[in-house]
Visitor: 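First the structure, which I've put down as structure tokens, then a few questions once you've had a look.
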Amino acid sequence: MPNRMNIAVTHKEIEEQKYYINELKNRVYGKGLKYHIVTYGCQMNVHDSEKLAGMLTEIGYEEANSQQEADLVLFNTCCVRENAEMRVYGNVGALKAFKQANPNRIIGVCGCMMQQAEVANYIKKTFPFVDLIFGTHNLHRFPILLLQALDSNQTVIEILDSDGKVVEHVPVKRAEGISAWVTVMYGCNNFCSYCIVPYVRGRERSRHPDDILGEIRSLALDGYKEVTLLGQNVNSYGKDLESRILFHQLLRKVNEVEGIERIRFTTSHPKDLSDELIMTMAECDKVCKHIHLPIQAGSNRILKKMNRKYTRESYIELVDKLRRHIPDIALSTDIIVGFPGETEEDFLQTMDIVEEIRYDSAFTFVYSPRRGTAAAKMKDEIGLEEKKHRLARLNELVAKISKEKNQEYLDRNVDVLVEDISKTNKEYLTGRTDTNKIVHFRGSYDLIGKFVTVKITEARAWSLEGKVLDDQGSCS
Ligand code: SF4
């Protein structure tokens, strides 16, 4: 079996955590106290918030219907993009009167932004009514810090440097449904020049496969049908474990878990997309035929400045290989426009590769410098207006191709795992194909959690619409 090379939390720390949870239970249980968590950023953060909610539920807090009725408000922050950071400052600042109206309320700020000492200090100084500040590496110590905050009239602040710990057995309160996030590794070693993640999430640390598989088996027993394996650089999983089990081998093991019917994973780095992983995706029936493979830019000059460690040619070759082995695979990507030094010619190469690959969807962003990264020191001569103009051109192209790709589904019958009632029309249900296409259709609520076959009747840029087929293959 693989040995653990990463440091797990010690028995003493687990005992300490239990002690504080019990202390808090004595104070909180039965008091009807409520919490509200505001989450910014990626799925890793969403899942971290599920852990915070899990700890709060264990202590005896209930989820509030709104921020206004909460006794504890937590902001789980993200520092990957500037606009998310700005929103955090605005939203925390807006709680001043809320706190003054009832000083017993607890306001906490945690997550990636707090991992940067200067940001944590700024929050402490600018918003002195904030009770609790902590980073990403000590999420599991939340009960201890909360108890300190309840007993103190000063801001409790604890930011740890990356210490390589992999913390297991933190309670999780997942969103209701059939899909669950499962973190398989933390951190990233890649140091893409624009990215803050390696600085705030630390180096790559993989969870032990037994812990991952144990969690997925218990999710299956709880009725979850789909798992999404998470990691900032998920396909590099296992390289830090002493006896290597690599990502494709982990996928094969997850594929064997009874009750789990679909497996997704994100985010993959092109340089770690091995032949073995492609073959595993092709051969494992539960692994969805979709991959999110960030390209970021189409110009080799810019890719080099971004420290992405692949070229446009090697990326195209990789996509060809994926499509050869998994012909109907759907591809999504991330693209940054306006990186320092990006010329019109560089940008046109990004447009060109988008035309050539024909992505099913793309998350597109205007470059904004992140303090402490290598790119933040590069000369950024492109004006915001030009960046926005490039983004608009790119978005138009992405939407056009997405719609064309979706039109290929017209009149086709697709298997859909039904997820929920549509948010915009209660008469509709919503689910996804294994290629990650969102499908809306009329149907009875008892179909939620089941697989149905849907005949696609309408294709839009970002979703499909169709009719459920009955057992005889007729539209119902
Ligand atoms: S691979 Fe690059 S962009 Fe992705 S998290 Fe790591 S450093 Fe950031």
Side-chain angles (χ1 to χ4, degrees), residues 40-48 76-85 111-113 115-116 135-137 161-162 164 166 181 183-207 228-240 246-247 264-274 277 291-300 302-312 314-315 318-319 331-340 342 350 353 359 362-378:
Y40 303 83
C42 67
Q43 292 95 336
M44 296 284 280
N45 252 21
V46 173
H47 189 42
D48 278 353
N76 188 8
T77 64
C78 166
C79 57
V80 169
R81 310 216 180 274
E82 195 178 15
N83 56 2
E85 263 194 36
C112 297
M113 267 173 82
Q115 231 15 81
Q116 300 165 291
T136 58
H137 299 305
D161 283 339
S162 170
V166 173
W181 308 109
T183 302
V184 301
M185 66 180 298
Y186 302 89
C188 182
N189 293 348
N190 286 331
F191 289 93
C192 300
S193 63
Y194 52 83
C195 182
I196 193 77
V197 165
Y199 305 93
V200 293
R201 290 274 180 178
R203 298 300 94 75
E204 292 176 4
R205 283 116 48 219
S206 302
R207 288 178 68 196
T228 302
L229 310 184
L230 293 178
Q232 254 93 27
N233 189 21
V234 74
N235 52 345
S236 162
Y237 171 84
K239 289 178 181 168
D240 59 317
L246 295 177
F247 187 61
R264 302 184 187 277
F265 57 89
T266 196
T267 292
S268 302
H269 193 295
K271 80 171 168 48
D272 294 309
L273 184 55
S274 64
L277 179 52
I291 189 162
H292 185 71
L293 197 64
I295 171 96
Q296 305 298 7
S299 145
N300 282 337
I302 297 299
L303 285 172
K304 192 149 188 240
K305 286 183 85 176
M306 287 178 163
N307 193 28
R308 288 293 289 174
K309 304 181 182 95
Y310 53 82
T311 60
R312 67 178 279 137
S314 66
Y315 184 96
L318 205 51
V319 170
L331 272 155
S332 55
T333 198
D334 294 335
I335 303 171
I336 297 171
V337 299
F339 188 79
E342 182 191 75
T350 297
I353 203 162
Y359 292 102
F363 297 95
T364 57
F365 308 94
V366 160
Y367 169 77
S368 65
R370 305 284 65 212
R371 260 181 324 271
T373 61
K377 298 184 194 96
M378 295 177 191

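Order of appearance sets the numbers: ligands from 1, and atoms from 1 within every ligand.
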Visitor: Mark yes when over 12 heavy atoms from residues, nucleotides or ligands other than Phe363 sit less than 6.0 Å from its CZ; otherwise mark no.
Guide: no

Visitor: Mark up the atoms of ligand 1 that fall under 4.0 Å of a heavy atom belonging to His269, in ascending order.
Guide: 1 (S)

Visitor: Got a sec, which residues hit ring pair (Phe, Tyr, Trp, His ring centres under 6.0 Å) with Tyr237, two or more places apart in sequence or on another chain?
Guide: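 Applying ring pair (Phe, Tyr, Trp, His ring centres under 6.0 Å) to Tyr237 gives none.
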
Visitor: Sequence neighbours left out, what passes side-chain contact (heavy atoms from CB on, under 4.5 Å) with Ala376? Give chain and number order.
Guide: Pro369, Thr373

Visitor: Output all residues satisfying side-chain contact (heavy atoms from CB on, under 4.5 Å) with Thr266, sequence neighbours left out; order by chain, then residue number.
Guide: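 Scan of Thr266 (side-chain contact (heavy atoms from CB on, under 4.5 Å), adjacent residues dropped) gives Gln43, Thr228, Leu230, His292.
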
Visitor: Which heavy atom in Asn190 sits nearest to a heavy atom in Lys309, and how many Å separate them?
Guide: O-NZ, 2.8 Å

Visitor: Distances under 2.8 Å only: what protein N/O/S atoms are near atom 8 (Fe) of ligand 1, ordered by chain and residue?
Guide: Cys195 SG

Visitor: Hey, what's the ring geometry for Phe339 with Tyr194, parallel, tilted or perpendicular (30° and 60° as the breaks)?
Guide: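 Phe339 vs Tyr194 ring planes: perpendicular.
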
Visitor: Does Arg308 reach ligand 1, in the sense of a heavy atom lying below 4.0 Å from it?
Guide: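 Under 4.0 Å: yes for Arg308.
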
Visitor: Going by an N to O cut-off under 4.0 Å, is there a salt bridge joining Lys239 and Asp272?
Guide: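 A salt bridge links Lys239 with Asp272.
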
